[in-house]
Amino acid sequence: MTHAQLILKSGKITTLNPAQPEVQAVAIAAGKILRAGSNEDVMKLADANTQIMDLNGRRVIPGLNDSHLHLIRGGLNYNMELRWEGVPSLADAMRLLKEQADNTPAPQWVRVIGGWSEFQFAEKRLPTLDELNQAAPDTPVFVLHLYASAMLNRAALRALGFDKNTPNPPGGQIQRDAHGEPTGLLLATPSAMILYSTLGMAPKLELEDQVNPPRHYMRELNRLGITSVIDAGGGGQNYPDDYAVIQRLHADNQLNIRIAYNLFAQKAGSEFQNYQEWTQMTFPGDGDDYLKMNGAGENLTWSAGDFENFMQPRPDLLPNMEAELERIVELLAEKKWPFRLHATYDESIERFLNVFENVNAKQPFQTRFIIDHAETISERNIERIGALGGGIAIQHRMAFQGEHFVQRYGKEAAANTPPIKRMLELGVPVGAGTDATRVASYNPWVCLYWLTTGKTLGGLSLYEDSCLLDRQTALALWCKGSAWFSGEQALKGAVVEGEFADLAVLSDDYFQVEPENIQWIESVLTVLGGRVVYAAAEFKHDDPALPPASPDWSPVKRFGGGWRLSEGRNAASDRPLQAASAACACSSKCGMHGHQHAWLLDVPVRDNSKKAFWGALGCSCFAF
């Protein structure tokens with residue numbers, strides 16, 4: 001009999017296995033699930049060498065799998081970026097920005113690159129350019145707002161050399177004052193290329209600092225229960241050069257996320273040549289269970305780009321799109337490469353599917369393809385995708401810009417955008433994800449909140465109850481659903497004998513917590529292949545060591561990742577969820593929120609926080 005190397009017992013373990021929906025315990029050996037069942041049954045597999053962890057009745061789920069994340073590009077930049085995810089007020093956001101500006105040495109910039117919405121702030125507005133200039137008079141600042149605009153302070157304009165003679169790029173606009181001078185506002189009208197290209201001019205990290213950021217980004221994802229992602233490539237992410245860091249981390253056994261990556265065409269006019277070269281260099285499936293090549297996309301040709309800037313009218317794709325796309329898809333079909341394609345609007349999807357059907361008639365697809373986003377897709381086009389053997393990867397972009405969509409297209413148009421329930425009813429594979437970080441946050445719990453409540457970050461209810469997903473279905477899209485998109489549906493996504501032992505033990509019971517609190521759930525123990533990759537709360541002693549974030553001025557080193565409601569601050573990747581209370585006169589903790597407050601002894605109390613929900617000295621709820 002094979003004995004377990006690790007046993008997790010006394011939990012409420014959601015398996016996503018219809019034959020055995022919930023169990024108490026799970027045994028793990030050789031990185032895979034050995035058995036799931038009752039404590040009594042699973043403990044029979046223990047021997048003297050088995051590590052046994054008591055889950056204390058906590059909810060456990062299969063590790064979350066983001067079917068569309070820009071991890072490799074995001075990882076290279078993570079330590080340079082200030083996170084506004086979840087920050088409750090613009091005042092708090094600007095306080096973080098000012099402090100970071102004061103801590104950032106020349107010639108580096110302060111960068112806020114997506115993952116937030118003005119509607120999440122109590123003030124329900126964006127910062128003004130005057131506020132940016134006041135907060136950072138001398139340090140360049142770049143604040144990206146969705147794929148709609150970017151705000152630069154005067155120091156950034158000086159660093160870039162932008163003046164009255166700087167021309168507008170194609171598809172973009174530099175806002176100017178009455179004298180023709182740039183104000184600092186860049187507008188995507190509607191192309192996001194102006195945002196991409198301007199950000200690309202910012203200073204890079206030195207080579208010795210490039211290996212550290214992806215480790216902190218992966219730790220942040222582990223903190224949220226993510227164990228797998230499908231990397232959708234990205235602008236400025238060239239193969240193979242920009243994959244060297246992730247390959248090095250893999251070679252050094254430092255990957256804490258399973259990554260299946262797609263190859264994204266980089267330069268307009270050279271896309272076909274890109275794929276000609278890449279199909280000679282690599283093949284889907286090359287790699288192993290931790291890092292493998294997954295196919296082409298999400299950009300196959302720039303002429304097919306329909307960026308989801310809901311603050312601008314829907315873009316019309318170029319007339320030459322079909323010819324360019326068909327040539328590339330024919331090559332991919334011939335080489336048996338899976339592919340994915342960014343497609344926000346049904347009008348674009350209609351034209352893409354015409355191309356796919358033409359190619360399939362000549363060279364039948366022998367592997368999967370993916371339509372990404374599909375916010376306004378019609379039922380007819382869902383059926384066409386299913387008939388061709390494709391799937392749809394959806395994300396929570398509407399949670400961040402639903403208000404903008406409603407303002408442009410109306411409440412009725414938003415009421416089924418995207419029509420996820422209908423996709424499932426028609427039997428098309430659906431996987432969930434985030435598209436982080438340049439529009440939406442990498443936080444999967446915000447997506448699960450949106451899927452199950454239909455609300456934006458600003459609290460706007462977009463959908464009727466009949467369009468909402470139940471919590472079990474939504475979770476399944478984040479686990480077994482996403483696994484289809486890398487061809488790994490038999491290997492991951494459920495707590496079933498023989499599948500990867502990828503699990504997340506949750507801070508709150510996803511199935512019991514109030515709807516508004518779903519978005520604040522975290523993992524307190526994340527297991528990847530039977531190995532603990534993140535631990536907090538009562539499991540903190542098992543948390544693996546992580547080198548401090550570098551360089552020294554990094555916002556991640558100073559503030560951490562997304563905002564943590566339970567502690568009223570950003571979540572540092574090397575600090576526990578619950579600090580030890582020995583330094584505090586109070587020896588108890590809040591049973592409602594699991595909040596310990598010793599960390600506050602080192603935090604200056606602001607006058608406007610003394611009567612806030614969490615209080616000046618920690619949790620002030622009735623259960624404290």
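- Using a cut-off of 4.0 Å between Lys/Arg side-chain N and Asp/Glu carboxylate O, Glu298 and Arg340 are scored as not salt-bridged.
- With Leu6 as the partner, the side-chain contact (heavy atoms from CB on, under 4.5 Å) test is satisfied by one option alone out of Thr50, Val26, Ile28: Ile28.
- Put simply, the side chain of Trp450 reaches to within 4.5 Å of the side chain of Tyr463, judged on heavy atoms.
- Here Glu81 does not pair with Arg438 in a salt bridge; the nearest charged N to carboxylate O distance is not below 4.0 Å.
- For Phe119 and His404, the ring centers sit closer than 6.0 Å to each other.
- There is a side-chain donor-acceptor pair under 3.5 Å between Glu538 and Asn56.
- Using cut-offs of 30° and 60° on the angle between ring planes, the pair Phe339 and Phe369 is parallel.
- With salt bridges taken as basic N to acidic carboxylate O contacts below 4.0 Å, none links Glu383 and Arg422.
- Between Glu488 and Lys292, at least one side-chain nitrogen of the basic residue sits less than 4.0 Å from a carboxylate oxygen of the acidic one, meeting the salt-bridge criterion.
- Salt-bridge check for Asp509 with Arg471: failed, with every basic side-chain N at 4.0 Å or more from each acidic carboxylate O.
- Checked against the 6.0 Å centroid criterion, the rings of Phe500 and Tyr290 do not qualify as a close aromatic pair.
- Counting heavy atoms from C-beta on, the side chains of Arg384 and Ile349 never come closer than 4.5 Å.
- Taking 4.0 Å as the cut-off between side-chain N and carboxylate O, Glu220 and Arg83 do not count as a salt-bridged pair.
- Under a 3.5 Å cut-off, the side chain of Gln20 and the backbone N or O of Asn17 do not form any donor-acceptor pair.
- Checked by atom type, the side-chain pair Glu308/His373 shows no donor-acceptor distance below 3.5 Å.
- Between the side chain of Asn79 and the backbone N or O of Ala549 there is no donor-acceptor pair closer than 3.5 Å.
- Ring geometry for Phe405 against Tyr409 counts as tilted: the plane angle lies between 30° and 60°, on a 0 to 90° scale.
- Looking at His68 and Asp231, their side chains never bring a donor and an acceptor atom within 3.5 Å of each other.
- Inspection of the Asn294 and Arg368 side chains reveals an N or O donor paired with an N or O acceptor under 3.5 Å.
- Between Lys492 and Asp502 there is no salt bridge, since no side-chain N of the basic residue sits under 4.0 Å from a carboxylate O of the acidic one.
- Judged purely by atom type and a 3.5 angstrom limit, Lys480 uses its side chain to pair as donor or acceptor with the backbone of Gln489.
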